[in-house]
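Here is the structure we will look at, set down as structure tokens.
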There are 2 protein chains.
Amino acid sequence: MFVSKLRVKAGRLIVAQRSQKGTGWVTGMEGKTKNRAATVPPPAGARPTLKTIAFMTGLGITTVSRALKDAPDIGAETKERVRLVAKQIGYQPNRAGVRLRTGKTNVISLVLTLEEEIMGITSPMVVGITEILAGTPYHLVVTPYSSTKDPLGPIRYILDTGAADGVIISRTEPHDARVTLMTERHLPFVTHGRTEMGIIHPFHDFDNERFAYEAVRRLTERGRRRLVLLEPPPNLTFHTHMRTGFERGLKDFGAEAVSFHHVNIDHSLVAIRDAFEQLMRSVDAPDGIVSGSGSGAIALIAAIESAGKKVGENVDMVTKAPSDFLRWLRPEVMTMYEDIRLAGRELAKAVIGHIEGKPPETLQSLSQPEFQRPMSKSRKV
Amino acid sequence: MFVSKLRVKAGRLIVAQRSQKGTGWVTGMEGKTKNRAATVPPPAGARPTLKTIAFMTGLGITTVSRALKDAPDIGAETKERVRLVAKQIGYQPNRAGVRLRTGKTNVISLVLTLEEEIMGITSPMVVGITEILAGTPYHLVVTPYSSTKDPLGPIRYILDTGAADGVIISRTEPHDARVTLMTERHLPFVTHGRTEMGIIHPFHDFDNERFAYEAVRRLTERGRRRLVLLEPPPNLTFHTHMRTGFERGLKDFGAEAVSFHHVNIDHSLVAIRDAFEQLMRSVDAPDGIVSGSGSGAIALIAAIESAGKKVGENVDMVTKAPSDFLRWLRPEVMTMYEDIRLAGRELAKAVIGHIEGKPPETLQSLSQPEFQRPMSKSRKV
DNA sequence: CATCGCTACTGTATCGTTACAGATTTTGTT
DNA sequence: AACAAAATCTGTAACGATACAGTAGCGATG
């Protein structure tokens with residue numbers, strides 16, 4: 001077998017080298033140097049360390065360390081031997097050791113608000129991130145904060161304690177203090193959403209402008225002319241994006257806006273429904289709706305129905321949707337799929353890229369809304 | 001001010017003690033012992049360590065360490081001084097240092113299948129867990145695995161690398177190899193769901209038996225007699241729980257079961273819909289449905305409607321629901337709320353309890369289904 | 001043949017923390 | 001006064017890894 005052949009060969013090599021040098025440290029203890037770890041067999045059953053490999057190969061700990069890093073000053077033969085042994089005994093570097101010595105944590109921190117999670121957007125995002133991290137030494141640590149408090153809190157914590165090599169944040173604002181801080185302090189990060197500060201940094205974003213524009217197109221195609229937008233909260237960057245797309249759509253496709261700014265997608269479903277029901281009952285009632293969030297759409301539908309109207313008849317509606325609930329339950333609502341899992345993957349790739357020193361401008365991506373055909377009402381045969 | 005007063009007092013105390021001892025090591029360098037860290041000022045701007053506090057207080061590193069741990073062999077006065085300085089300079093123990101020395105990671109690992117996350121159950125769970133961990137030194141690391149592969153994989157990884165102090169697992173089986181392994185190896189854990197192996201271990205579970213029983217009660221109250229259950233996959237423990245509750249309900253409330261075992265809540269929505277549509281079109285069509293999952297319910301509704309029937313008229317339906325989508329979009333469906341966020345909190349408390357050595361039997365909890373009134377169709381006035 | 005440079009390998013010190021085994025002073029006992 | 005015990009404080013070594021400054025051997029160079 002290939003493996004045993006190589007080991008025998010390796011064994012001979014050890015002997016040859018040692019006898020040439022004449023140090024004889026494989027046999028005796030005369031050296032009594034403290035760090036000569038290789039002379040002491042490792043305790044059985046314990047987790048293998050560099051010391052273990054050093055003992056098994058007859059090499060020094062340093063050599064083993066450098067061999068595994070593919071350092072240029074280690075012989076090709078030796079590297080192979082070390083790698084082989086390491087693999088055989090299932091060596092995995094001790095994270096605490098590395099972290100203490102080098103400061104490298106091998107941790108990516110996902111910073112979340114506890115509040116934004118109502119709609120369960122986190123789930124597929126976490127899955128997407130871990131999909132990418134699975135092939136790397138990185139672990140994903142979830143660091144939450146209460147958005148009612150200081151959003152800089154978790155960032156400061158990470159900076160102060162060196163808790164992570166990279167950070168993923170969302171709910172990005174046009175002038176985002178977190179981005180400023182992390183940039184200044186050279187902490188690699190990526191944002192879910194863009195900023196407008198003139199800082200070039202990694203991001204992934206959904207093309208909300210395009211979404212709103214295409215939504216307006218869909219609605220006007222159905223003859224709708226008085227359109228309303230359930231918008232993101234005004235402090236977030238994509239508020240502007242979505243509004244811009246919406247307004248550009250109105251202009252290009254010839255429709256008018258119905259004002260509706262009392263509530264946004266951050267409000268409770270009940271608040272949205274109440275506000276929208278009032279609008280639907282008024283003389284200003286729109287005939288087309290663009291919903292900036294899937295859960296918001298639910299409240300809007302309820303409002304429409306409470307007002308005695310019906311989606312697909314009195315009004316049409318397009319919504320962003322991170323899952324396909326709505327397609328199943330309300331196929332009359334048009335949906336544009338936002339692939340959060342993909343976002344997670346892109347974000348993970350981007351932070352890692354940033355950590356590895358790739359230029360930020362190469363770590364930016366925008367995902368396009370995917371218009372979904374309404375689900376067939378009956379089963380495929 | 002209180003603070004400066006105390007510091008002055010502390011300062012005087014140092015002098016007094018040192019002069020009595022006559023070692024004079026505060027002034028000179030004659031000691032030249034290597035670990036006498038306190039004689040060298042810490043680099044400005046660097047993260048404070050025990051050394052920093054040792055320098056500031058004039059104490060030894062060991063003393064500072066022990067003082068912060070409230071060890072019995074440190075004077076009350078000293079402890080207070082150390083604590084004060086530590087707080088002032090914002091000392092936080094270096095995790096890597098602690099972990100390397102003691103093996104304590106201060107990490108809780110949430111082990112997830114990538115696949116189960118379709119329905120987004122993870123989100124509120126993560127939030128619940130982090131709510132509890134926020135008040136502790138623990139971080140939450142998400143460790144995913146592909147359920148198509150070895151579910152023991154992540155557990156072995158954690159055992160081999162000592163990656164976490166405690167583990168949270170879900171999708172628990174009656175005879176769960178993960179539970180056996182972690183118990184044997186004394187790795188603290190908690191399961192979301194119960195086992196049937198005679199091992200007493202921490203768990204949190206939703207009372208699925210009760211849920212199904214109460215669901216049957218609701219349906220029979222509406223005169224339904226031919227009931228069907230969309231059940232969990234047969235390998236998971238709560239499959240039996242739910243079936244038991246269902247069958248007990250049938251007996252107690254006088255109804256009969258319609259067989260439907262081709263699909264379960266793990267199957268795709270399309271598969272569930274197709275199978276159920278077939279049933280609904282057959283002569284065996286049930287008039288009452290219990291759905292073991294919220295997303296499954298969506299597929300069932302679609303199937304019912306495809307078959308030309310209507311929930312609330314031809315059939316009634318009760319479903320478990322982790323959110324209130326259905327209440328908004330299909331108020332005619334009866335829902336029992338499963339509070340996943342609460343589950344997250346309970347699980348976190350239980351692992352920590354286990355880590356701290358509390359007896360497992362005190363770390364078990366069962367949450368009761370919460371029947372929800374149908375949502376009012378119109379706004380509150 | 002001394003010396004240089006190169007290749008391949010190695011020991012020491014260090015990151016921050018804690019277990020352990022002292023060390024020193026104070027207090028108590030007889 | 002002598003000694004033991006208690007109360008406080010301390011240095012050393014170690015956890016596992018790596019940066020750095022070497023060293024040994026060997027062929028090439030002048």
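This one's a predicted model, so the numbers in the text were calculated from it and none came from an experiment. In what follows, chains are A, B, ... by sequence order, proteins preceding strands, each numbered from 1.
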Using the side-chain heavy atoms of K69(A), tell me which of these nucleotides is nearest: dT10(D), dT18(D), dT17(C). dT18(D)

Nearest to the side chain of P93(B) - dT17(C), dT12(C), dT12(D)? dT17(C)

How many Å lie between CZ on R66(B) and C1' on dG22(C), as a whole number? 13 Å

Criterion salt bridge (Lys or Arg N to Asp or Glu O under 4.0 Å) on R47(B) and D160(A), from CA distance to verdict: CA-CA 7 Å; R47(B) 174 172 177 196; D160(A) 288 350; over 6 Å; no

OP1 or OP2 of dG16(C) sitting under 4.0 Å from any side-chain N/O of K51(B)? no

Of the residues in residues 155-165 of chain A, which ones touch DNA chain D at a heavy-atom distance under 4.0 Å? none

Could you list by number each residue of residues 99-106 of chain A showing a heavy-atom separation from DNA chain C of less than 4.0 Å, or answer none if no residue does? L100(A), R101(A)

In this structure, how many angstroms lie between the P atom of dA19(D) and the CG atom of L50(A), rounded? 12 Å

Separation of atom CD in E77(B) from atom C1' in dA7(D), rounded to whole Å: 15 Å

So what does D73(A) touch, heavy atoms closer than 4.0 Å: a base, only the sugar-phosphate, or nothing? base

Per T49(A) side chain, nearest of listed nucleotides dA17(D), dC20(D), dT17(C): dA17(D)

For the pair R95(B) (side chain) and P137(B) (backbone), establish whether a donor and an acceptor sit closer than 3.5 Å, ignoring hydrogens and angles. yes

What nucleotide, of dA17(D), dG16(C), dT18(C), holds the atom closest to the side chain of N94(B)? dG16(C)

Any sub-3.5 Å donor-acceptor pair from T78(A)'s side-chain atoms to I74(A)'s backbone N or O? no

